[in-house]
Amino acid sequence: MNNTIKSRTLKLVITAVMTALTCVVTVYVNIPNGVGGNINIGDSLIFISASLLGALPAAFIGGIGSMIADFVGGYAAFAPFTLIVKGLEGLVAGLVSYYAFNLESKNRLSGIARILITIGGMIAAALVMTLGYFVTSLILNNGMIKTALTESVGNLIQGAISVVVASVAVFVARLDTVAKRYLYVCKYPQDKSEDKDNEGREDDIDRDV
């Protein structure tokens with residue numbers, strides 16, 4: 001089994017696990033936000049997924065995991081909107097992260113710049129989430145702007161906390177290093193020679209064993 005197959009299998013497994021975790025955390029980990037609602041850190045798992053796995057897995061994790069959480073938590077009316085809003089949140093964060101990883105891998109971006117761009121992508125994704133739920137609130141509450149604005153404050157707080165949590169997990173705990181080594185999120189086609197080198201080293205190890 002070569003590295004590409006291994007990394008794809010690992011990405012599928014992690015995607016499934018992160019989808020389940022996003023659902024569980026969204027439903028059961030809630031903190032009062034001070035404006036009449038609750039904060040969950042499900043968004044932080046979406047941002048972590050975006051940084052480790054890329055855009056499409058993060059969109060799946062955000063959309064499906066959060067939508068299931070709405071059904072489980074008794075917010076079925078929000079579920080179709082959540083599928084779109086959280087899916088877009090994961091997509092935006094993932095696209096920016098992937099772009100930054102690839103620029104760094106081609107030596108066109110420093111490590112610090114890549115981190116700042118990735119965090120910027122998380123912030124942009126959080127704003128997309130806030131705007132998406134603002135529109136959702138208007139639709140579900142018959143255009144009541146005051147209610148939508150109040151909910152938006154809570155979503156902004158939730159987004160900010162999730163960006164901090166995800167940034168610590170990815171860049172302080174160095175989960176990004178794990179992703180680069182095992183998931184190949186920053187590989188361009190021209191990096192195949194490196195993959196072959198890695199495969200050769202693995203074959204040597206297997207023969208030694």
Side-chain angles (χ1 to χ4, degrees), residues 2-15 17-19 21-22 25 41-63 65-66 85-132 155-199 201-202:
N2 60 37
N3 280 353
T4 300
I5 295 176
K6 285 181 180 179
S7 64
R8 287 176 179 172
T9 302
L10 185 57
K11 286 180 77 169
L12 287 174
V13 171
I14 295 176
T15 297
V17 171
M18 292 299 285
T19 301
L21 281 176
T22 298
V25 168
I41 57 172
D43 295 291
S44 65
L45 296 178
I46 297 172
F47 297 151
I48 291 171
S49 300
S51 298
L52 303 187
L53 303 172
L56 293 181
F60 180 89
I61 291 165
S66 302
V85 173
K86 296 284 189 168
L88 285 175
E89 182 181 37
L91 185 67
V92 169
L95 286 174
V96 174
S97 177
Y98 186 82
Y99 173 77
F101 265 122
N102 276 285
L103 283 182
E104 185 190 26
S105 72
K106 297 171 71 178
N107 297 318
R108 295 172 57 185
L109 197 67
S110 68
I112 295 298
R114 189 258 300 174
I115 290 173
L116 293 176
I117 290 174
T118 301
I119 293 174
M122 295 180 190
I123 294 172
L127 292 175
V128 167
M129 178 270 294
T130 301
L131 177 61
N155 286 326
L156 284 172
I157 296 171
Q158 175 174 302
I161 292 174
S162 293
V163 168
V164 172
V165 172
S167 298
V168 170
V170 173
F171 300 118
V172 177
R174 299 311 302 271
L175 291 180
D176 60 325
T177 302
V178 176
K180 289 173 68 176
R181 173 64 181 85
Y182 295 103
L183 302 180
Y184 300 90
V185 295
C186 63
K187 298 290 186 182
Y188 261 4
Q190 59 262 40
D191 294 327
K192 286 182 179 179
S193 59
E194 184 178 342
D195 289 341
K196 291 180 180 178
D197 291 339
N198 288 334
E199 290 175 16
R201 285 192 292 270
E202 283 198 355

Query raised in the report: For the atom pair CD1 (Ile61) and CD1 (Ile46), what is the distance rounded to the nearest 0.5 Å?
Result: 8.5 Å

Report task. Locate the shortest heavy-atom distance separating Ala50 from Gly90; write the atom from each residue and the value. Result -> CB-O, 4.0 Å

Query - Non-hydrogen atoms of Val96 and Gly121 that approach each other most closely - result: CG1-CA, 3.6 Å

Query raised in the report: Minimum heavy-atom separation for Ala166 to Ser44, with atom names?
Result: CB-O, 3.7 Å

Query raised in the report: Any side-chain heavy atom of Ile14 within less than 4.5 Å of one from Leu53?
Result: yes

Report summary line: Residues at least two apart in sequence or cross-chain that pass side chain to side chain contact (heavy atoms under 4.5 Å, CB included) with Ile161, listed by chain then number, are Ile39, Ile41, Ile157, Val165

Query raised in the report: Of all heavy-atom pairs between Gly42 and Val25, which one has the smallest distance, and what is that distance?
Result: N-CG1, 3.8 Å

Query - Closest heavy-atom pair and its distance - Thr22, Gly65 - result: CG2-C, 4.4 Å

Query raised in the report: Does some side-chain heavy atom of Val85 sit less than 4.5 Å from a side-chain heavy atom of Glu89?
Result: no

Report task. Kindly compute the distance separating NZ (Lys86) from CG (Asp43), expressed to the nearest 0.5 Å. Result -> 3.0 Å

Report task. Keeping the roles fixed (side chain from Ser162, backbone from Gln158), state whether a donor-acceptor pair exists under 3.5 Å. Result -> yes

Report task. Kindly indicate whether the side chain of Leu91, heavy atoms from C-beta on, has any atom under 4.5 Å from the side chain of Val128. Result -> no

Report summary line: Separation between CZ (Phe171) and OG1 (Thr118), nearest 0.5 Å, reads 4.0 Å

Report summary line: To the nearest 0.5 Å, atom CD1 of Ile115 lies from atom OG of Ser51 at 10.5 Å

Query raised in the report: Can you tell me how far OG of Ser49 sits from CG of Leu56, rounded to the nearest 0.5 angstrom?
Result: 13.0 Å

**Report entry** Closest non-hydrogen atom pair, Thr130 against Leu156
**Finding:** OG1-CD2, 3.6 Å

Query - Spacing of Ser167 atom OG and Phe47 atom CZ [to the nearest 0.5 Å] - result: 9.0 Å

